[in-house]
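Note that this is a predicted model, so its numbers are computed, not measured. Residue numbering restarts at 1 for every chain, and letters A, B, ... go by the order of the sequence lines.
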There are 2 protein chains.
Amino acid sequence: MTMRVTAYDVAERAGVTQPTVSRALSGSPLVSDATRERVVKAAQELGYVINLNATRLRSGRTQVLAVVLIGREGERPTATNPFYFSLLGAIGAAAAEREYDLLVSFQHSADNFYADYQDARQADGMIVIGTTRNDEAWQYFRSRDHEGKAWVCWGAPDDDLRWVRSDNERGGQLAADYLYNQGRRKPVFVGSLEPGQRQFTERYEGFAEAWRKLGVEPHLVETDPALAREEQGARAIDALLSEGKDFDGLFAASDLIALGALDGLAKAGIAVPDAVSVVGFDGIRTGAYSSPPLTTIESDFDLAGRMLVKNVLGRIEGEPPESRRVPVHLVVRGS
Amino acid sequence: MTMRVTAYDVAERAGVTQPTVSRALSGSPLVSDATRERVVKAAQELGYVINLNATRLRSGRTQVLAVVLIGREGERPTATNPFYFSLLGAIGAAAAEREYDLLVSFQHSADNFYADYQDARQADGMIVIGTTRNDEAWQYFRSRDHEGKAWVCWGAPDDDLRWVRSDNERGGQLAADYLYNQGRRKPVFVGSLEPGQRQFTERYEGFAEAWRKLGVEPHLVETDPALAREEQGARAIDALLSEGKDFDGLFAASDLIALGALDGLAKAGIAVPDAVSVVGFDGIRTGAYSSPPLTTIESDFDLAGRMLVKNVLGRIEGEPPESRRVPVHLVVRGS
DNA sequence: TTGAAAGCGGTACCAT
DNA sequence: ATGGTACCGCTTTCAA
């Protein structure tokens, strides 16, 4: 077990002092080219790797962003909504562009809530994403949102917290337009409009508003947000059929709900898209393989990741405030 | 901007010295109950949060595990195979159980390969998961696998590296048994048997061996692993049809390939499962929504995560070596 | 059981 | 442009 190589070892080999090594390797303009070269060479020869804990302790900065994925209570992290996983990927890419690492944690119940990343100097900021259904979780995070905390949410249940989200109203409009252009005139919206489901409400409003302009009031099937999303979709179909409601176009508040609806329609023998057109929201990969493939409203994931990162970093580095609405577009597949 | 609260402040308030605060809060048995109580109270009142960088610098341990997700070159992290994302969730849960945090990074090309987490004291160990297709990446990681490095791979292309993986042969057997029990007698395997695709080869071998015992030699359709997986599946169907091959049971090396095959079969007007039964491997969520829902071989995600974590920690903490094969089971859906 | 003192390995400030 | 020195906030001996 050889001793760890420190900046002192490098300094000795390069014939300079340790602080000079620090400057040389961190790219300080104060170091002469010749010196830097010698230092870099010495560092390479010794296989020197900087100890980031020392750097962080001294500088007070970590170059780390914490990402918290809030799940439903009792849900295993493996079952995390694929949309959030994709978002995580996008955040990772955006963070890497700005030389930040990601500290990821899956939180779902009071015994593992944790938000002290900044105080503990583990991260410079935090991005919270995940289901709005976990009231306890959001209550917890809301209580920790003090002055000086750099964080941003995706999918926050209300506007207390600083957020970035999809341009949901626009998405609703796009869905309405699509259904209208498909010749549909009896539209239904499936989803929960609970106050906590801010994003869903926005989608509904964009959808309803667009239809009203066309002289149609869309039918609303409110679902129980406590249920699994797929289940919500399936039950909505049951409800529609049992009350004998006539409909030919369906917009679901999320892809998972739409997939459940697709299932329900198939079981009831209703052809999609012949009898009913279906549009989801999220653009999850799974939708591409459903039967028929799900037409959906998709947010630009990469952009969403970049906006989230930019917003936290804005709070950290005092950058100018950034746009908070992620543009959406229609993805026409088979439904 | 108030000053940060340190252990010295807590010490003063509790009427002890700073090292005693450290002992009290870290649960050292050397501290008297009375003292610990006073310290804890003082810490709470001051809102003290320990600075983990100091802890880590001094102790040399981080309580962090790095997770590297290797993607295909040029692939956006958002498009990461959902199986790996689920695995990430499982690793997160398993790590949390042992009080480790996760540092996640998405790596795909030479300009962002990085494995020095231990040297930089960012993490105590590393778990590498992801496609075996990225030769450059694996070459890089192999070159960094020196004595004293604590890490474990999922999906490593060969046995040089320490690995944990599914019980692939058993999975192949299960697939064969299932098809046989469905009355199928003309089996096909679809996937790549390149040396780098270790896991696929194992699946094929388990499958072929089981059939041979039944007196049947399964037909093999080798795919081009450079293509997207779905594409591999679709093309395999094209190939089978164009050469007029007769088959009634298909086992794909992965779910994504199976989904592609399902697509191909649908386009060719071949009924699943009436004319052909299809079995995949991985248990990705998407398979549950395909048409028909994909029957598959699933590894126990949670267990896989726990085994990966246990294996790295074994290298860190000198725990006894653990089993490296994750049990699999058949998930019968509609194909 | 507690205190005193050293030290982990860097960065930042002040000289020169 | 470089060196000297303090210091970030803990943990870990060693003494008492």
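- Between the side chain of A:Asn134 and the backbone N or O of A:Gly71 there is at least one donor-acceptor pair closer than 3.5 Å.
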Step-by-step side-chain contact (heavy atoms from CB on, under 4.5 Å) determination, B:Asp33 to B:Thr35: CA-CA 5 Å; B:Asp33 288 350; B:Thr35 305; over 6 Å; no
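- Between the side chains of A:Thr62 and A:Tyr100, no donor-acceptor pair is found at a separation under 3.5 Å.
- At the heavy-atom level, B:Ser26 lies nowhere under 4.0 Å from the strands shown.
- In this entry the distance linking CG of B:Leu52 with P of D:dC8 reads 18 Å, nearest Å.
- The interatomic distance linking A:Leu25 (CG) with C:dG10 (P) rounds to 9 Å, in whole Å.
- Checking A:Ser299 against A:Ser166 by side-chain atom types alone, a donor-acceptor pair falls below 3.5 Å.
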Watson-Crick and G-U pairing of DNA chain D written in dot-bracket, each distance under 3.5 angstrom, with | for inter-strand partners: ||||||||||||||||
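- Look at B:Arg144 and B:Asp116 and you find a salt bridge, because one of the NZ, NE, NH1 or NH2 atoms lies within 4.0 Å of a carboxylate O, short of that distance.
- Between B:Thr6 and the phosphate of D:dC8, there is no side-chain N or O to OP1/OP2 separation shorter than 4.0 Å.
- Comment: A:Lys149 engages A:Asp119 in a salt bridge, judged by a side-chain N to carboxylate O separation of less than 4.0 angstrom.
- In this structure, CZ of A:Arg61 is placed 19 Å from P of C:dG10, rounded to the nearest angstrom.
- Checking the phosphate oxygens (OP1, OP2) of D:dA1, no side-chain nitrogen or oxygen of A:Thr20 falls inside 4.0 Å.
- Classification of A:Lys41 and A:Glu45 as a salt-bridged pair holds, one side-chain N sitting under 4.0 Å from a carboxylate O.
- Among the nucleotides C:dG3, C:dG9, D:dG3, the one closest to the side chain of B:Val16 is C:dG3.
- Rounded to whole angstrom, the span from the CZ atom of B:Arg56 across to the P atom of C:dG10 amounts to 16 Å.
- Minimum atom distance to the side chain of A:Leu30 is reached by D:dA1, of the listed D:dA1, C:dG10, C:dT2.
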Would you tabulate the pairs of protein nitrogen or oxygen atoms and nucleotide nitrogen or oxygen atoms of nucleotides 5-8 of chain C closer than 3.5 angstrom?
| unit_1 | atom_1 | unit_2 | atom_2 | d |
| --- | --- | --- | --- | --- |
| C:dG7 | N2 | B:Arg58 | NH1 | 3.4 |
| C:dG7 | N3 | B:Arg58 | NH1 | 3.4 |

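- For the pair A:Glu12 CD and C:dG9 C1', the interatomic distance rounds to 16 Å; values are reported in whole Å.
- In this structure, the CD atom of B:Glu37 is 15 Å from the P atom of C:dT1, given to the nearest Å.
- Rounded to whole Å, the distance from CZ on A:Arg36 to C1' on D:dT2 is 13 Å.
- Atom CG of B:Asp119 and atom C1' of C:dG9 are 15 Å apart (whole Å).
- Ring geometry for B:Phe141 against B:Trp151 counts as perpendicular: the plane angle is over 60°, on a 0 to 90° scale with 30° as the lower cut.
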Please produce a list of atom pairs where a protein N or O lies less than 3.5 Å from an N or O of nucleotides 14-16 of chain C.
none

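- Under the 4.5 Å side-chain criterion, counting only non-hydrogen atoms from C-beta, B:Leu308 is in contact with B:Trp154.
- Look at B:Thr17 and you'll find a side-chain N or O under 4.0 angstrom from OP1 or OP2 of C:dG3.
- Residues A:Arg325 and A:Asp167 are not paired through a salt bridge, judged by the lack of any N-O separation under 4.0 Å between the basic side chain and the carboxylate.
- If you check the side chains of A:Glu73 and A:Ser109, you find no donor sitting under 3.5 Å from an acceptor.
- Under the 6.0 Å distance and 45° angle rule, B:Arg165 counts as a cation-pi partner of B:Trp163.
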